[in-house]
2 protein chains.
Amino acid sequence: MHVRRPATLASLAAELGVSRTTVSNAYNRPDQLSPELRRRVLETARRLGYPGPDPVARSLRTRKAGAVGLLLTENLSYAFRDPAALAFLEGVALACEGAGQGLHLVPVNPEREDITAVHRAGVDGFIVYSVPDDDPHLAAVLSRPVPTVVCDQPRVEGVDRVGIDDRAAIAQLAQRLITLGHRKVGVLCMRLARDRNDGFAAIDRQRTAHFHVQKARLAALNEAFSAAGVDWAGVPVVERFDHSQASGASAAAQLLDKHRDVTALICTSDILALGALAEAKRRALRVPQDLSITGFDGIADAERAGLTTVRQPMLDKGRAAGTLLLDTVDRGRPREITLPTELIVGSTSAQPRTAEERWFGP
Amino acid sequence: MHVRRPATLASLAAELGVSRTTVSNAYNRPDQLSPELRRRVLETARRLGYPGPDPVARSLRTRKAGAVGLLLTENLSYAFRDPAALAFLEGVALACEGAGQGLHLVPVNPEREDITAVHRAGVDGFIVYSVPDDDPHLAAVLSRPVPTVVCDQPRVEGVDRVGIDDRAAIAQLAQRLITLGHRKVGVLCMRLARDRNDGFAAIDRQRTAHFHVQKARLAALNEAFSAAGVDWAGVPVVERFDHSQASGASAAAQLLDKHRDVTALICTSDILALGALAEAKRRALRVPQDLSITGFDGIADAERAGLTTVRQPMLDKGRAAGTLLLDTVDRGRPREITLPTELIVGSTSAQPRTAEERWFGP
DNA sequence: ATGAAAGCGCTAACAC
DNA sequence: GTGTTAGCGCTTTCAT
């Protein structure tokens, strides 16, 4: 039993006694040759076990890979657990599907700085989802001579972007709390930089955050509460590296342990807020009577929990990113798409108790 | 302003006055040249804007794409909605990540027969998830000279497979219902073939089903209930093309409208079962007193609903498929991995009411 | 440690 | 309608 070298377009042509062009045409331009000849070519191909033009060779020649690369902040498997990331992914998939493009998920380990996967990906462009401004993978992507679209963060000079107005969105939420009368608030936020800092984040860390979305939201909160006469330096901000309900719960615990007087917990994601909700329950704090809690994103579980939050259209974001990347027409000028958000007033926010109520009951 | 042709490895070599080999080595085999020279190469690359070796050209040369193709039954976007498919995806992603391989999702439209995306995908192998035996995309995959692993269905001679023992799994469930005393049952199943048939599926259609998993489950139910003295020809089986809770609800409605006497609804997926549950509620049928309902898969929502079902390890399936494909070692003999399943007895199954109870209440 | 030569398998001008 | 020519950009023996 011998190992036959696999047939190639050239060997097929030789076998048939025609040129390689003809064989190529048989596959790619049926109208360029007689149906009869084409039939013969395909027939012989079958006989020889020729599987059709090699996609990689074709890509090299045509300079088209037929796929879009997707780079996520986290391990791939994380993305499949986070509802927001998932909706984004679905949107991207929708766009790819519509254009008949493959979706190449780039394997990334945020702990290690191995960017070879970015260099190895045979794709026509990249979508980068929500990474820190100093992410080495992002740098690797930008070094490649293919179009790129960044979703959410960071904003990069000359690179297309789709996102929301984070400042305006959370300012609306802040305004709501301020109007309700909250002056002693605490904040639970996501990772601010690539290093793990599970604990309080002082102003300096807030200001130098590498995750622009978190940074923008904190800055907007700062502005809003400062304008309402609150000294931002006194507002506790607790940061968590991992994005999970457990993180939200522990962050809430950490904050409440040290600042028993806060009347509202502003969380920069619904996941964190749901965790905070759980912690509040554990402590027998009534929400919203004893404590208001707000989230961000508008995921299904948040809605179910009646969370006061900001809804952002994640699926549309994904689709917009995909469309932007695939839309070869008016590429050139850097483009930016800002999607609308909507304040959702749920049942987890209300007026704070007065000092009296605090001591003598509602 | 002029468009400079992008730098290539060759142009870089020319600029430096060294051979292409040396430049290549600078990237791929740092130990093959002096640190000093390497530094100079990389430095010049930066200056010229050379992004490093082109991944496609490299793939052509090395015959390695560094990515795994994934072919799903449904639209890509569907996969991000179905919890079972999602868990599978996550498992595959985990395996890919571990091996530093990209995950290339092949865009497929099950309605159209466009298999070009399969031919265009630059991948080192394919994972095919749960497709009908006559799926043209599957045929396209098998025609390509790369290793393939099929998950669930269909079983293909000589192709690696990972799955569960569908017959045994559902037989266990059937046995449970039989033991409880159910003799008048109905079945809700998923798509049996590529054509849309939203309605009753007669025995002939069951027998000629192209989705082997559904076929096997129906056959096992047939066997179990026949052995219990039930005439399978009289058991209504309702099929749905779309896999959604809405489908489950409408299928349940269709079945119950025509067969008011069934005491149990066996669904071949949790999604369908959750829909059936909703329809039962709508009809003010108490579950399980008036009607037992069972599912299949063991998704989180099913557990939450207390569904009696069969749990299968979807994440492990994905991981196993990935590992099998990536494990180049003992390829050769076709391999088959069968994962264990577990019967979950929830609160949606109980003894059927007796005829008396039916008329006079519990 | 570095270079020369030989393709990987294919497609796109352009000629006939 | 079919063939000729010329690479796409890279890696890899094998010499030196």
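Just so it is clear, the model here is predicted, and its values are computed rather than measured.
Note that CZ of A:Arg58 and OG of A:Ser24 are 7.5 Å apart. Values are rounded to the nearest 0.5 Å. With rounding to the nearest 0.5 Å, the separation of CZ in B:Arg39 from CG in B:Leu33 is 12.0 Å.
A:Arg38 and A:Asn25 share no donor-acceptor pair across their side chains, judged by distance under 3.5 Å alone.
Across the protein-nucleic acid pair, B:Asp31 atom CG and C:dA1 atom P stand 8 Å apart, rounded to whole Å. To the nearest angstrom, C1' of C:dG3 lies 13 Å from CD of B:Gln32. Rounded to whole Å, the distance from NZ on B:Lys64 to P on D:dT12 is 12 Å. The distance between atom CG of A:Leu33 and atom P of D:dG3, rounded to the nearest whole Å, is 10 Å. What separates CG of A:Leu60 from C1' of C:dG7 is a distance of 12 Å, to the nearest Å.
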Under 3.5 Å between N/O atoms: give me all the protein pairs with nucleotides 10-14 of chain C, atom names plus distance.
from	atom 1	to	atom 2	distance (Å)
C:dC10	OP1	A:Tyr50	OH	2.6
C:dC10	OP1	A:Asp54	N	2.8
C:dC10	OP2	A:Leu9	N	2.4
C:dT11	OP1	A:Asn28	ND2	2.9
C:dT11	OP1	A:Arg58	NE	3.0
C:dT11	OP1	A:Arg58	NH2	3.4
C:dT11	OP2	A:Ser24	OG	2.9
C:dT11	O2	A:Arg61	NH1	2.4
C:dA12	OP2	A:Arg29	NH2	2.9
C:dA12	N6	A:Thr21	OG1	3.0

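Each of A:Leu70, A:Val118, A:Ile115 was compared with A:Val106 under the side-chain contact (heavy atoms from CB on, under 4.5 Å) criterion, and only A:Val118 meets it.
Contact annotation for B:Val18: backbone-only contact, meaning every heavy-atom pair under 4.0 Å involves sugar-phosphate atoms and none involves a base.
At a threshold of 4.0 Å, the pair A:Arg194-A:Asp134 counts as salt-bridged, since one of the basic side-chain nitrogens sits closer than that to a carboxylate oxygen.
Residues B:Ala57 and B:Asp54 come closest through the heavy atom pair N-OD1, 2.9 Å.
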